[in-house]
J.: 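Let me give you the structure first, and then I'll get to my questions.
As the structure is a prediction and not an experimental result, all values here were calculated from the model. Residue indices begin at 1 and follow the sequence shown.
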Amino acid sequence: AAMSSFSSSLNSSAAAVVGDFLLPITGRDPASPFVLRSAKAATVVFALHSFTPVMDGFVRPWHVGLLHNRHPAFAKALRDALERHDPGLVIGDNEPYRLGDDSDYTVPVHAEARGLPSVEIELRQDLIGDAAGEARWASILQAVLPDAISSATSAPRLSPNSTRSSPGSIGPMSTSTSSWKADCVV
């Protein structure tokens with residue numbers, strides 16, 4: 001019975017991931033950010049990942065890494081916004097990884113192929129290893145993403161406290177996973 005409960009929980013979790021992430025990013029859903037693009041909305045793609053603080057004995061100094069491929073404008077705008085928000089952050093430019101066609105799929109296929117500004121955000125795992133760290137970084141990203149999006153798209157600044165009444169607006173954000181994934185995809 002316990003395994004059956006686990007399987008059904010896993011299946012509903014997988015369905016939620018498909019509904020919340022896969023369909024919008026592949027553009028097969030009417031609420032897709034790529035459909036919003038046709039409404040002249042500010043549309044960007046960002047992927048959120050984490051990295052280990054130490055790899056092969058090397059202590060990685062970065063708090064956050066901003067990865068880009070052919071078009072660094074969104075990464076640069078996000079870097080500038082992060083530095084204004086907290087000048088003490090150590091920000092990697094294509095660190096701890098380099099982003100490329102041979103090492104990534106989301107940015108080359110879903111962003112660059114569509115001409116969309118993009119960045120892959122890498123957070124150091126020890127900084128998001130508990131609820132307080134997750135909340136801190138959710139707050140930081142909530143504070144800096146609207147300005148970075150505006151800078152990268154030359155669109156009016158999007159308010160993190162606005163409602164989703166118009167296409168492309170960033171709705172109210174919170175530190176909860178469900179709100180974050182639904183309201184930060186623009």
J.: With the side chain counted from C-beta on, respond yes when S50 and R124 share a heavy-atom pair under 4.5 Å apart, and no when they do not.
T.: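 Answer no - side chains too far apart.
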
J.: Please confirm whether the backbone N or O of A135 pairs with a side-chain atom of S139, one donor and one acceptor, at under 3.5 Å?
T.: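 Flag not set: sc S139 to bb A135 has no pair under 3.5 Å.
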
J.: Keeping the roles fixed (side chain from S103, backbone from L99), state whether a donor-acceptor pair exists under 3.5 Å.
T.: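 No.
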
J.: Taking the side chain as everything from C-beta on, heavy atoms only, tell me whether V107 gets closer than 4.5 Å to V45.
T.: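 A side-chain contact is absent here, since even the closest heavy-atom pair is not under 4.5 Å.
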
J.: Is there a side-chain contact between L123 and F51 (heavy atoms, below 4.5 Å)?
T.: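 Counting from C-beta outward, L123 and F51 never come under 4.5 Å.
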
J.: What pairs of donor and acceptor atoms, side-chain ones from residues 58-67 against any protein atom, are under 3.5 angstrom apart with sequence neighbours left out?
T.:
unit_1, atom_1, unit_2, atom_2, d
R60, NH1, T52, O, 3.0
R60, NH1, T52, OG1, 3.2
H63, ND1, V90, N, 2.7

J.: Could you pull out the closest heavy-atom pair between A77 and A148, with the gap in Å?
T.: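 For A77 and A148, the tightest heavy-atom pair comes out as CB-O, 3.6 Å.
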
J.: Atom CD1 of I91 and atom CD1 of I121: how far apart are they, to the nearest 0.5 Å?
T.: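 It is 11.0 Å, given to the nearest 0.5 Å.
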
J.: Could you please spell out the steps behind the side-chain hydrogen bond (donor to acceptor under 3.5 Å, both in side chains) verdict for D101 and N69?
T.: CA-CA 8 Å; D101 293 345; N69 195 19; 3.1 Å; yes

J.: Tell me, with the steps shown, if E120 and H49 meet side chain to side chain contact (heavy atoms under 4.5 Å, CB included).
T.: CA-CA 7 Å; E120 196 163 295; H49 295 251; 3.5 Å; yes

J.: R98: which residues meet the side chain to side chain contact (heavy atoms under 4.5 Å, CB included) condition with it, sequence neighbours left out?
T.: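 N94.
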
J.: Taking side chain as C-beta onward, heavy atoms only, is R79 less than 4.5 Å from D93?
T.: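 They are in contact (side-chain heavy atoms under 4.5 Å apart), so the answer is yes.
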
J.: Applying ring-ring contact (aromatic ring centres under 6.0 Å, His included), which residue pairs with at least one partner in residues 72-105 are found, sequence neighbours left out?
T.: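 Sorted result for residues 72-105: Y105-H110.
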
J.: Please report the closest heavy-atom contact between S118 and A111, naming both atoms and the distance.
T.: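 Nearest pair, atom of S118 first, then A111: CB-CB, 3.3 Å.
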
J.: What's the separation between atom CG in L127 and atom CG in L89, rounded to the nearest 0.5 Å?
T.: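 The CG atom of L89 is 9.0 Å from CG of L127, to the nearest 0.5 Å.
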
J.: Could you check V144 against L78 for side chain to side chain contact (heavy atoms under 4.5 Å, CB included), going step by step and ending with a plain yes or no?
T.: CA-CA 7 Å; V144 300; L78 185 54; 3.7 Å; yes

J.: Taking NZ, NE, NH1 and NH2 as the nitrogens, is one of them in D80 or K76 under 4.0 Å from a carboxylate oxygen of the other?
T.: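 Yes, D80 and K76 are salt-bridged.
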
J.: With a 4.5 Å limit on heavy-atom distance, are the side chains of L141 and L48 in contact?
T.: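 The answer is yes; the side chains approach within 4.5 Å.
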
J.: Taking the side chain as every heavy atom from C-beta outward, state whether E112 and H71 have any atom pair closer than 4.5 Å.
T.: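 Heavy-atom side-chain distance check passes, below 4.5 Å.
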
